[in-house]
Structures are given as structure tokens and as C-alpha cells.
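Please read the structure below before turning to the comments.
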Protein chains: 2
Amino acid sequence: MTTSTVEDYLKCIYQAEQRSSGLISTGQIASALQVAPGTATAMMKTLADSGLITYEPYNGVRLTGAGSKLAAHVLRRHRVVELFLVEVMGMSWSEVHGDAEILEHAVSDRLLDRMDDMLGKPSVDPHGDPIPSPRGVLREKEYPTLLTCPLRASLRVARVTDQSAEFLKLLERHGVMPGNAIEVESREEAADTVTVKPSGGKAFTLGCRAAGAVQVEPNSGKQA
Amino acid sequence: MTTSTVEDYLKCIYQAEQRSSGLISTGQIASALQVAPGTATAMMKTLADSGLITYEPYNGVRLTGAGSKLAAHVLRRHRVVELFLVEVMGMSWSEVHGDAEILEHAVSDRLLDRMDDMLGKPSVDPHGDPIPSPRGVLREKEYPTLLTCPLRASLRVARVTDQSAEFLKLLERHGVMPGNAIEVESREEAADTVTVKPSGGKAFTLGCRAAGAVQVEPNSGKQA
DNA sequence: GCGATGATTTTGACATGTCAAAATCCTAAA
DNA sequence: TTTAGGATTTTGACATGTCAAAATCATCGC
């Protein structure tokens, strides 16, 4: 039986593998999950014994096929649930992450299928994060961020890669959400800021760390 | 922190207290939750230490105010979730119990409130079980069952007190669900059976144990 | 009043997941 | 090549929740 703790570790490793290639270190996992280093090491042995990861002591960890599939399913549950909470339950995208973090371990396959149907088999969640397919395949697209995109061009927000409720609320107030049109007015290297103008809204300024969490694509005119 | 195991024990004691008055025995709790007797005893000490029950060794257990309130909240979550799964998610009343058993420990207050609103602050779940109020008050009504109600009278199904999926599916096939009209055609003491005629359906026969799980009220003509 | 019987509690053990701190390993710099 | 420093693993401990089996209790029937 796969416990919800195991699911959390797998999801964490899976997402680390998306970002970087090669082995994932136990220290990385420990700090991501906020547990002591030794705790992560112990769990790596457990996961390796279950055939969910390959573990090279002192080197790091990699998901096996089985582990990867399981992790993708957890991530799928998380993201479908988030979208459900926003679209069907009318919750704000800034407050659904915590709920989804719990529900991703509690939702049955049957229920997940119903949600997926009601949502029309969606491919991205409210933050623009792609939803793994039922078979466990995840297709990540590469987008420029507010730090790397062209200035004064018409853009569409594609994805926001920071789940902090306060940050999301701020973006929401300014209308910076996936699908919406914006443009970057200016970047001030010295001040470490980027100034963004939402279409039909007032320009505002973000620090570079925050700006790096907003991914955009050229506004081709399609999409609402 | 109240774990989901603790919630299960509290809910179990709460429901036992609804049925019988006086102390609830640890043996009763153990068999209801399918754990060894010693396990239940150990948990009773834990609950007593947390001030959720009063525990008289060898005699039994009773919920304190705090315990009762917590248990009512768990039951409320369970029943609101069940209704949500049927009304919003379109699941069958015969298959929601298992999902609700898990989700009752995973749903946040915020999410529960949203469900409650979407459902119009309902007072009973799909099986006719009353839903505790947000403040933790439960109002149980007494109904006759198919074993005790008048013969050949127009009745309305009020409540079904057996969560077995197979049983519920059978009732559903015959249209015996809360709100629907039925009458009892006959009782055969010798054969241990009751024959029921759903309005607009074919008569069928239940054993007395099953019939005792169907509660009815006189059909006053109101309700669909 | 005294057992026998059935329920309850105790005991010792195990599985999971966690931590702090000690021991070990790896690597990069001198 | 050697070693210092940072990361990783090991160790011993704890908290929860569980079981089987032994010990204990309570009460009913004689």
C-alpha cells in the first residue's frame, strides 16, 4: 500500500526531475519536504526497496518507471483537483493549493474521472501547470518569463510557477492570470525590478525573483 | 492535532450513542472499527487524556462536550460530502459511502462551506441520514421501518440505514429511495419476508433484516 | 458464596515516519 | 597529497496505531 507520505516524496522527486536532469540529491528532497536529512535518507531506502526509485548512496536518486508513473498520477490528481476547486467550487486560484495538497491523497480514481469529465479533460490547471495524462504522461512546454521575454510586446500569461497565496492574490488583483494579455513596460536592472502592464489595467512593478515566476507566450490573438 | 484515526473513533462512539443510551463498551467500538480489543482500549486512554471522552475502565466510554462536537463535525463532513457526490458529481448513492469515508478527513472547513452552499444547506444526505448543523447539533427523527409500518398504506421512504453498496443498488433498481412513494403489500412472518410495492414499479420481496433498514413515513402527499 | 465464562485490560512486539546528533563520505583547495 | 568543510548516512530515540496472547476483571448460575 502506498501511503500519502510516499506519494509526497515521489511527487517531490518527480518535480525535481522535471527541473533538472540527472540524479536528485537527498538533501534537495529533505529541504523541499521540510524534513531532516536523515529522514529523507531513510525514506529513499524504503522507496528503493519498493522498486519506485533507484538509489545510489551519496549520489542521489532517480524514479523508476513504476515510480514515475505513480508520481505522475499524484500530480495529475493535484492539478485536476485544483482546477475543479476553481471552476466548479468557485474558489480563488490563490487558495486552492493547500486544499489540493491534501485532496490529492484522498480522491479515488472514480471521483477523479468524474472531475476530469466535468472539466472537459483539461490540459492545464489554474496556474497554467500542465496536467499529466491518465496514463501518466506529462508534456512540459518551455516559455520565456517576464525576465526574458521581449519588451513592449503583446503577451499572454501562460503559467505562474509560485504557489504562494499572497503572490497569487497580488497577481489576481492586477489581472495577471493564465490566458490574460499583458506587456512588459520596462526592466530596471539596477533596481532589480520589472514593470508590467496588464491589458486594460494599471502598470505595476515586480521584483525580479517574482517576475521570474511568471511565464508568458507571444500573444497570437487566439484565446480569451 | 486530531488525526483521522481519532476522528474515526469519535464518529463511531457518537453513532453508538445515538442508537443506545448509557456508556459505550470498548468491545463494541473494537468490532465496529474492525480492530483488536486491546487496540480500542489503548485508544480510549488516548481520547480520555485528550479530554474527548470520559472513560470508566471495564464499564465503557462517553463523549465529552468537546468530543461530541468534534464527532458531529466529522459526521457532518461525511454526509455533506455524500450528498455532494450524488448531487453535483452525479455518482450513485450506492457508491458514495466509501469515498466519503476518506474525504470526511480531507475536506477543509472552507471547502465544506462551499459544498453546503451549493447544495442549499441541506438537512439530510442521500440515504436520508440527517446532517449535523455547522454548530454540531444533530436532530434524529424516529420513523417506523418496513417491519413496523401499516400494511397497504401509502408511504414515503424516509431513510435507509444500511450502507452496503449491493443492498442500495437493489433498492435503487426498484425505485426505493428517500422521497419515493411505496407501500407494503404483505408480511410473511413464517418466511421472514416483507413484500414491498414501489409506486409505479413491480412488487418485490425483502428479508426482514433488510426490511428493517428501510425507514418510512406516512405519505402526506407533499414532497416529490 | 464460588467458579466458570466472556469481556476487558495489559504486555511485549512490530511498522511507519520522524528527529537530533554522531559518524562517515566526498570534494575542492592548499 | 592532504585536509577542512559540507553533504550524507547511521544511530538511537520517540510518537502513533496496530496485533496476539497473557492476565485480569465482573458477573451469572448454581
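As the structure is a computational prediction, the values presented were derived from the model and not from experiment. Below, chains carry the letters A, B, ... as their sequence lines are ordered, and counting in each starts from 1.
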Notebook entry, point to check: In terms of side-chain heavy atoms, does B:Thr205 have a donor or acceptor partner in B:Thr195 at a distance below 3.5 Å?
Noted result: yes

Checklist line | Non-hydrogen atoms of A:Val107 and A:Arg77 that approach each other most closely | finding: O-CD, 3.6 Å

Next item on the list: Check each residue of residues 2-33 of chain B for a non-hydrogen atom within less than 4.0 Å of any atom in DNA chain D, then write out the ones that pass by number, or none.
Entry: B:Thr3, B:Thr5, B:Tyr9

Next item on the list: Could you tell me whether the side chain of B:Pro132 reaches within less than 4.5 Å of the side chain of B:Arg139, counting heavy atoms only?
Entry: no

Note to self: Using the salt bridge (Lys or Arg N to Asp or Glu O under 4.0 Å) criterion, which residues pair with A:Asp8? Sequence neighbours excluded.
What the structure shows: none

Notebook entry, point to check: the helix from C:dG1-D:dC30 to C:dA30-D:dT1: angle between its terminal axes, five pairs each, to 10°?
Noted result: 20°

Item checked: Basic-acidic side-chain contact under 4.0 Å: B:Lys169, B:Glu172 -> no

Margin query: Could you report the tightest heavy-atom contact between B:His127 and B:Trp93, atom names first, then the distance?
Written below: NE2-O, 3.1 Å

Show the atom names and distances, to 0.1 Å, of all donor-acceptor pairs under 3.5 Å that link a side chain in residues 53-68 of chain B to residues at least two apart or in another chain.
unit_1	atom_1	unit_2	atom_2	d
B:Thr64	OG1	B:Gly51	O	2.8
B:Thr64	OG1	B:Leu52	O	3.1
B:Thr64	OG1	B:Ala66	N	3.4
B:Thr64	OG1	B:Gly67	N	3.1

Check: Are any non-hydrogen side-chain atoms of B:Cys149 and B:Leu155 less than 4.5 angstrom apart?
Finding: yes

Note to self: With a 4.0 Å cut-off on N to O distance, would you call B:Lys45 and B:Asp49 a salt bridge?
What the structure shows: no

Note to self: Tell me which residues in residues 38-58 of chain A lie within less than 4.0 Å of DNA chain D, going by non-hydrogen atoms.
What the structure shows: A:Gly38, A:Thr41, A:Lys45, A:Tyr55, A:Pro57, A:Tyr58

Margin query: Taking A:Glu104 first and then A:Arg76, would you say they form a salt bridge - that is, a charged N and a carboxylate O separated by under 4.0 Å?
Written below: no

Notebook entry, point to check: A:Pro37 or A:Asn59: which one's nearest nucleotide on DNA chain C is closer to the 5' end?
Noted result: A:Pro37

Item checked: Pairing of A:Glu217 and A:Arg159 as salt bridge, 4.0 angstrom limit -> no

Item checked: For chain B, the stretch of DNA chain C it reaches, first to last nucleotide, under 4.0 Å of its heavy atoms -> C:dT8 to C:dT10

Note to self: In terms of relative ring orientation, are A:Phe84 and B:Phe84 parallel, tilted or perpendicular, with 30° and 60° separating the classes?
What the structure shows: perpendicular

